[in-house]
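Data block below; observations after.
In the text below, chain A, chain B and the rest are named by the order of the sequence lines, each starting its count at 1. Small disclaimer: the values here were computed from a predicted structure and weren't measured.
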2 protein chains.
Amino acid sequence: MALEHALLIALRERPSSGLELARRFERSIGFFWTATHQQIYRVLGRMDGDGWVTASEVPQAGRPTKKVYAVTPNGEQALATWLAAPVATAGLRSELALKLRGASFGDRDAVLDVVRSNLADHHLRLDHYEQLMKRDYPDPAALSGLDLDHYLVLRGGVLMEQTWITWLTEYLEAHT
Amino acid sequence: MALEHALLIALRERPSSGLELARRFERSIGFFWTATHQQIYRVLGRMDGDGWVTASEVPQAGRPTKKVYAVTPNGEQALATWLAAPVATAGLRSELALKLRGASFGDRDAVLDVVRSNLADHHLRLDHYEQLMKRDYPDPAALSGLDLDHYLVLRGGVLMEQTWITWLTEYLEAHT
DNA sequence: CACGGCATGTAACAAGTTACATGATTGG
DNA sequence: CCAATCATGTAACTTGTTACATGCCGTG
């Protein structure tokens with residue numbers, strides 16, 4: 001499964017505790033993969049058992065001790081293997097698309113309201129992503145390595161949000 | 001959950017047996033919601049218990065008898081309620097995006113191959129969707145009701161595939 | 001000393017996936 | 001009669017979600 005490998009990537013970028021990982025998943029990695037802290041703790045435990053990561057207790061001034069996880073050579077190998085493996089092209093799986101399709105079987109105005117609300121959400125996200133773009137990658141042509149990868153994934157986020165906005169706007173216009 | 005309501009929509013469009021539903025999910029509805037026959041049978045059973053659908057045995061010439069499900073008034077009500085309910089704006093959840101982000105931690109050429117393979121897949125899908133478009137909706141401006149809804153959802157599929165192609169092509173170009 | 005934030009977890013449940021089982025009927 | 005297709009299902013497992021439990025520490 002993918003959460004293991006998402007965590008391996010996150011930990012190779014920076015060793016972290018469970019809660020720190022959860023917070024990072026709310027931010028950048030969460031654009032395309034989400035996970036709650038409960039799930040993260042469970043998977044970290046399993047990965048520790050499998051020897052993919054090791055934990056070290058880090059005492060903190062004025063805060064409870066945390067367990068910082070780092071990737072082991074075994075984990076590095078598992079990540080490299082997974083990265084090279086082919087991946088099935090995923091579909092959409094959108095509850096909203098389902099409602100668009102079924103709108104005739106309920107109150108169409110209510111569905112239009114749901115669409116408008118989601119459209120507003122996508123506008124917010126797009127704004128957010130574009131601000132990150134401006135702030136963190138003012139000169140994309142100069143990027144390479146990790147930075148380039150992060151930029152290109154964020155770029156995908158921008159493209160996806162723009163597409164949602166186009167789609168939902170067309171939908172609203174078609175139902176004048 | 002959403003599979004129940006996906007099935008309600010499918011059954012209101014046309015009463016069907018479990019296997020017929022599974023096949024329809026491989027086709028049009030599957031653009032944005034997938035389900036295997038095992039899952040469909042399980043959920044149909046639950047919905048039958050809840051009084052959302054009723055089954056009637058339909059003998060067939062030269063084939064085993066099938067159970068055709070139809071939506072009850074209770075089910076219609078449940079669908080209408082669900083349609084009007086707000087829906088959380090979903091994120092991407094893409095394993096491929098994960099690999100793009102983590103490419104530095106493995107064999108980058110292997111990741112590029114994975115990307116190329118997925119890109120080819122998205123080209124295929126886009127071609128397929130565009131053929132459906134041409135065949136089934138040659139004159140979108142004339143559509144209304146169910147047909148319009150189906151068209152607009154397919155339109156979303158086209159937009160999404162185009163976006164994937166743009167994104168992955170940019171990615172490949174950036175890693176010359 | 002109560003409250004809020006940090007930190008780590010458990011338990012119960014819901015949803016989705018994979019592998020397998022069963023029986024009917026037709027065509028070769 | 002054997003293989004292929006249609007049709008319906010069970011069982012075991014993996015993932016993901018929701019609700020709850022516990023303890024540390026500094027601030028007011």
- Query: So does A/Arg42 reach the base of D/dT17 with its side chain, donor to acceptor, closer than 3.5 Å?
  - Reply: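 Counting by modelled atom types and ignoring angles, a donor-acceptor contact under 3.5 Å is found here.
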- Message: What I want to check is whether an N or O donor and acceptor connect the side chain of B/Arg93 with the base of D/dG16 at under 3.5 Å.
- Response: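 No such pair is found, so the answer is no.
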Using whole Å, report how far [atom1] of [X] lies from [atom2] of [N].
{"X": "A/Asp50", "N": "D/dT14", "atom1": "CG", "atom2": "P", "answer": "12 Å"}
{"X": "B/Arg46", "N": "C/dC13", "atom1": "CZ", "atom2": "P", "answer": "15 Å"}
{"X": "B/Leu19", "N": "C/dT25", "atom1": "CG", "atom2": "C1'", "answer": "15 Å"}
{"X": "A/Glu26", "N": "C/dC6", "atom1": "CD", "atom2": "C1'", "answer": "14 Å"}
{"X": "B/Glu95", "N": "D/dT15", "atom1": "CD", "atom2": "P", "answer": "11 Å"}
{"X": "B/Glu20", "N": "D/dC6", "atom1": "CD", "atom2": "P", "answer": "11 Å"}
{"X": "A/His37", "N": "D/dA21", "atom1": "NE2", "atom2": "P", "answer": "14 Å"}
{"X": "A/Leu21", "N": "C/dC6", "atom1": "CG", "atom2": "P", "answer": "16 Å"}

Counting only side-chain heavy atoms from C-beta out, which of [options] sits nearest to [X]?
{"X": "A/Gln39", "options": "D/dG16, C/dA7, C/dG9", "value": "D/dG16"}
{"X": "B/Lys66", "options": "D/dT15, D/dG16, D/dT8", "value": "D/dT8"}
{"X": "B/Trp33", "options": "C/dA24, C/dA7, C/dG16", "value": "C/dG16"}

Is the shortest side-chain N/O distance from [X] to OP1 or OP2 of [N] below 4.0 Å?
{"X": "B/Gln38", "N": "D/dG9", "result": "no"}
{"X": "A/Arg63", "N": "D/dC24", "result": "no"}
{"X": "A/Thr36", "N": "D/dG16", "result": "no"}
{"X": "A/Tyr41", "N": "C/dT8", "result": "yes"}
{"X": "A/Lys67", "N": "C/dG9", "result": "yes"}

- B/Leu172 side chain near B/Leu168 side chain, heavy-atom distance below 4.5 Å: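 B/Leu172 does not reach B/Leu168 side chain to side chain.
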- Determine whether B/Val43 and B/Glu4 make a side-chain contact, defined as any pair of heavy atoms from C-beta on separated by less than 4.5 Å.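 Contact flag for B/Val43/B/Glu4 side chains = yes.
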- Message: By the 4.0 Å heavy-atom rule, please label A/Gln60 as base, sugar-phosphate, or nothing.
- Response: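 Sugar-phosphate contact only - A/Gln60 comes under 4.0 Å of backbone atoms but never of a base.
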- What nucleic acid atoms does B/Thr34 come within less than 4.0 Å of, heavy atoms only: base, sugar-phosphate, or nothing?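 The answer is nothing, as B/Thr34 stays clear of every strand by at least 4.0 Å.
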- With under 30° as parallel and over 60° as perpendicular, where do the rings of A/His5 and A/Trp82 fit, or are they tilted in between?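 It falls in the parallel class, under 30°.
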- Going by the angle between their ring planes, with limits at 30° and 60°, are B/His37 and B/Tyr41 parallel, tilted or perpendicular?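 Perpendicular, since the angle between the ring planes exceeds 60°.
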- Query: With a distance cut-off below 6.0 Å to the six-membered ring centre and an angular limit of 45° from the axis, does A/Arg93 pair with B/Trp33 as a cation-pi contact?
  - Reply: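 Yes, a cation-pi geometry holds between A/Arg93 and B/Trp33.
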- Using a distance-only test with no angle check, is there a side-chain donor-acceptor pair under 3.5 angstrom linking B/His150 and B/Glu13?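 Note: B/His150 and B/Glu13 side chains meet the donor-acceptor criterion.
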- Message: On DNA chain D, does the nearest nucleotide to A/Pro64 precede the nearest nucleotide to A/Ala35 from the 5' side, or the other way round? Give the residue.
- Response: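 Here A/Ala35 is the residue nearer the 5' end.
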